Number of protein chains: 2
Amino acid sequence: MKTEQETEQTAGRPSGLCGGLRERKKRRTRDALVRAALELFVAKGYERTTVDEIADAVDVSQRTFFRYFSNKEEVAFALQELIETRFLTEVRARPAGEPPMPALRRAVTKAWLTIDEEMKAVAPPQLHMRMYQIIESTPALLAVHLRRQQETEERIAQEIARREGLDIDADPRPRVLVAAFAGAMRVAGKVWGEGDDWTSDAMRKLSDRYLAALEPALAQNWRTPSGN
Amino acid sequence: MKTEQETEQTAGRPSGLCGGLRERKKRRTRDALVRAALELFVAKGYERTTVDEIADAVDVSQRTFFRYFSNKEEVAFALQELIETRFLTEVRARPAGEPPMPALRRAVTKAWLTIDEEMKAVAPPQLHMRMYQIIESTPALLAVHLRRQQETEERIAQEIARREGLDIDADPRPRVLVAAFAGAMRVAGKVWGEGDDWTSDAMRKLSDRYLAALEPALAQNWRTPSGN
DNA sequence: GGAGATTATGGCAGTGGCTGACAATTGACA
DNA sequence: TGTCAATTGTCAGCCACTGCCATAATCTCC
């Protein structure tokens, strides 16, 4: 028999309060693995860190590591997982009458209001931020990152189609809107990671700026200066 | 034992004709490796095909395979490489005065006019198409595919910025436009791969449709039916 | 056409990611 | 306390990938 291990994503609750000893222990090992991995990745780089080193740092076997994470990449995406989940939740919470684009923009703004707090549960924010830079600069991780984002895109597009009562395969607008939106967000995220202000407030401002640039960018005439 | 396919690709290729024996031989092994890899991937799936099998099929050592391709993934992207190069060339060839979005749209249309011919040089179109489906459905390949696309995006954005005389780091529009454009194209490509009409003509029509949906998708009001 | 410099290739040993199988251990619960 | 199920460690093994060195093929120049 299999125990479901997706149960513990209850946000905002400190680890170790719920469930029996067995589950608490599992959560602790998992968090410890993430933390050790992030520290090692930041210290030595992703490729120069071996799974054995991560496992040794937490004093478990390599085999156990692979029981918690299906591969070495996955352990690097703790923060991303959080962001994606949070954003999706906020989109689902938008009022039904709201048009698609404003709904997405407000969802992203609201999501970033709470992400700060949540990520502290596993590792210090500084660590997450450095990890984000490593993801952007390590080809293998960047590739996985983009794939994960695309999976989120699809879920969001489905939610938008549902809200608007559209057949997602017949009307191109849900997927195209979300693709454009995600593209602008990706550019914003990249600039954020390369800059020096790693507050969530800075991220919100960048999102706004790049999303606002979407319509002017599609316009024919670029002669009017804008954007900065 | 030895697979000899020296005859076909020397016909219409500038690259197959020039150079000494050494270079021609190198090109032949490379093409043979691509072809053998595609056939094996299509027949058995990407993950169930080992590099040893590909090398054996062409009668070279595994070590030689890795001298031609830096990893197993790379050999799967022959067609994509072609498309990206072609598209980039067409963008660079657009007249200077043309606004960014029309330039991109016309570049993609022109690119697909010649891709058919070019890809036949290495393997039959059918094989490339099946490979494309495998890329879209194999997580490891999809991830690499998206990263490659993003690299192309960056190059195109730089070209757009250059054309418009803008500083790409100061004005968000070049990257945002290209991100939105690429997003719509990606959705179109996915639909193309899932459909049954694999002509480049079909791809051009899908591109048109999804790019046309970009502006309506960003608009506030979706109540007016459109797109299909 | 042959000597010598270049370059492609093969073989081999070794590392690291990842998996299946099985046995030992630990927590849950009657 | 004893039984049952979940968790873990150990071990053997596959596969992607790399460095190293010897060999064989091509190229260059006389």
Side-chain angles (χ1 to χ4, degrees), chain A residues 1-8 15-34 36-37 40-41 44-77 138-141 143-144, chain B residues 1-4 6 16-34 36-37 40-41 44-77 138-141 143-144:
Chain A
M1 298 265 275
K2 300 220 161 170
T3 48
E4 308 307 314
Q5 50 182 22
E6 82 273 359
T7 52
E8 72 291 53
S15 49
L17 283 184
C18 52
L21 172 57
R22 200 165 241 168
E23 286 201 19
R24 270 180 288 133
K25 217 171 176 181
K26 259 170 62 176
R27 176 168 195 99
R28 252 186 294 142
T29 335
R30 199 194 146 86
D31 286 353
L33 280 171
V34 170
L40 283 165
F41 290 161
K44 317 179 33 176
Y46 175 77
E47 277 138 350
R48 280 181 301 280
T49 303
T50 69
V51 174
D52 282 314
E53 287 170 329
I54 302 171
D56 286 351
V58 186
D59 216 58
V60 295
S61 69
Q62 189 212 48
R63 195 66 184 83
T64 295
F65 175 94
F66 283 111
R67 287 196 178 99
Y68 281 93
F69 305 96
S70 56
N71 49 51
K72 183 182 163 188
E73 282 130 25
E74 198 182 319
V75 73
F77 287 94
T138 307
L141 290 179
V144 173
Chain B
M1 304 291 269
K2 239 187 219 163
T3 50
E4 285 301 335
E6 57 191 278
L17 284 175
C18 60
L21 171 59
R22 195 168 250 164
E23 285 199 24
R24 268 179 291 134
K25 215 170 177 181
K26 260 170 60 176
R27 170 157 207 106
R28 251 188 297 145
T29 21
R30 199 196 144 87
D31 286 353
L33 281 170
V34 170
L40 283 164
F41 291 162
K44 316 179 35 175
Y46 175 77
E47 278 138 348
R48 280 180 302 278
T49 303
T50 70
V51 173
D52 282 310
E53 287 171 328
I54 302 170
D56 285 350
V58 186
D59 216 55
V60 295
S61 68
Q62 190 212 48
R63 194 67 185 82
T64 296
F65 175 94
F66 283 111
R67 286 196 178 98
Y68 282 93
F69 306 96
S70 56
N71 48 53
K72 184 181 162 187
E73 280 132 25
E74 199 181 320
V75 73
F77 287 95
T138 306
L141 290 179
V144 174

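None of these values were measured; they are calculated from a predicted model. Below, chain A is the first sequence line, B the second, and so on; all start at residue 1.
- For the OP1/OP2 pair of C/dA8 and a distance below 4.0 Å, the side-chain nitrogens and oxygens of B/Tyr68 include no atom meeting the criterion.
- Toward the 5′ end of DNA chain C lies the nearest nucleotide of B/Arg22, the other residue of the pair B/Arg22 and B/Thr29 mapping further downstream.
- Distance, B/Asp59 CG to C/dG10 P: 8 Å, rounded to whole Å.
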Q | CA sep, side-chain torsions, deciding dist, call: B/Val75, B/Phe65, side-chain contact (heavy atoms from CB on, under 4.5 Å) | A | CA-CA 9 Å; B/Val75 73; B/Phe65 175 94; 4.1 Å; yes
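- In this entry the distance linking CD of A/Glu23 with C1' of D/dT7 reads 13 Å, nearest Å.
- In this entry the distance linking NZ of A/Lys26 with P of D/dT8 reads 8 Å, nearest Å.
- Distance B/Arg63 CZ to C/dG14 P: 16 Å, rounded to the nearest Å.
- If you measure from atom CD of A/Gln62 to atom C1' of D/dT7, you get 17 Å, rounded to the nearest angstrom.
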Q | Derivation and outcome, side-chain hydrogen bond (donor to acceptor under 3.5 Å, both in side chains), residues A/Thr49 and A/Glu53 | A | CA-CA 7 Å; A/Thr49 303; A/Glu53 287 170 329; 4.7 Å; no
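- The base of C/dG10 is paired with the side chain of B/Arg67 by a donor and an acceptor separated by under 3.5 Å.
- Rounded to whole Å, the distance from CD on B/Glu47 to C1' on D/dC15 is 12 Å.
- Shortest non-hydrogen contact noted between B/Phe77 and B/Leu141 is CZ-O, 3.5 Å.
- Atom pair A/Arg27:CZ and D/dA6:P shows a separation of 21 Å (rounding to whole Å applied).
- Between B/Lys25 and C/dA8 there is no side-chain polar atom (N or O) within less than 4.0 angstrom of OP1 or OP2.
- Looking at every heavy atom in both residues, A/Val58 comes nearest to A/Leu33 through CG2-CD2, 3.7 Å.
- Atom NZ of B/Lys26 is surrounded by 12 or fewer heavy atoms from other residues, nucleotides or ligands within 6.0 Å.
- Of the two residues contacting DNA chain D, namely A/Val60 and B/Phe66, the nearest-nucleotide position lying further toward the 5' end is that of A/Val60.
- The side chain of B/Thr64 places an N or O atom within less than 4.0 Å of a non-bridging phosphate oxygen (OP1 or OP2) of C/dG10.
- The nearest whole Å value for the distance from the CZ atom in A/Arg48 to the P atom in C/dG17 is 13 Å.
- OP1 and OP2 of C/dG16 both lie 4.0 Å or more from every side-chain N or O belonging to A/Lys72.
- One finds no side-chain N or O of A/Thr50 lying less than 4.0 angstrom from the OP1 or OP2 phosphate oxygen of C/dG16.
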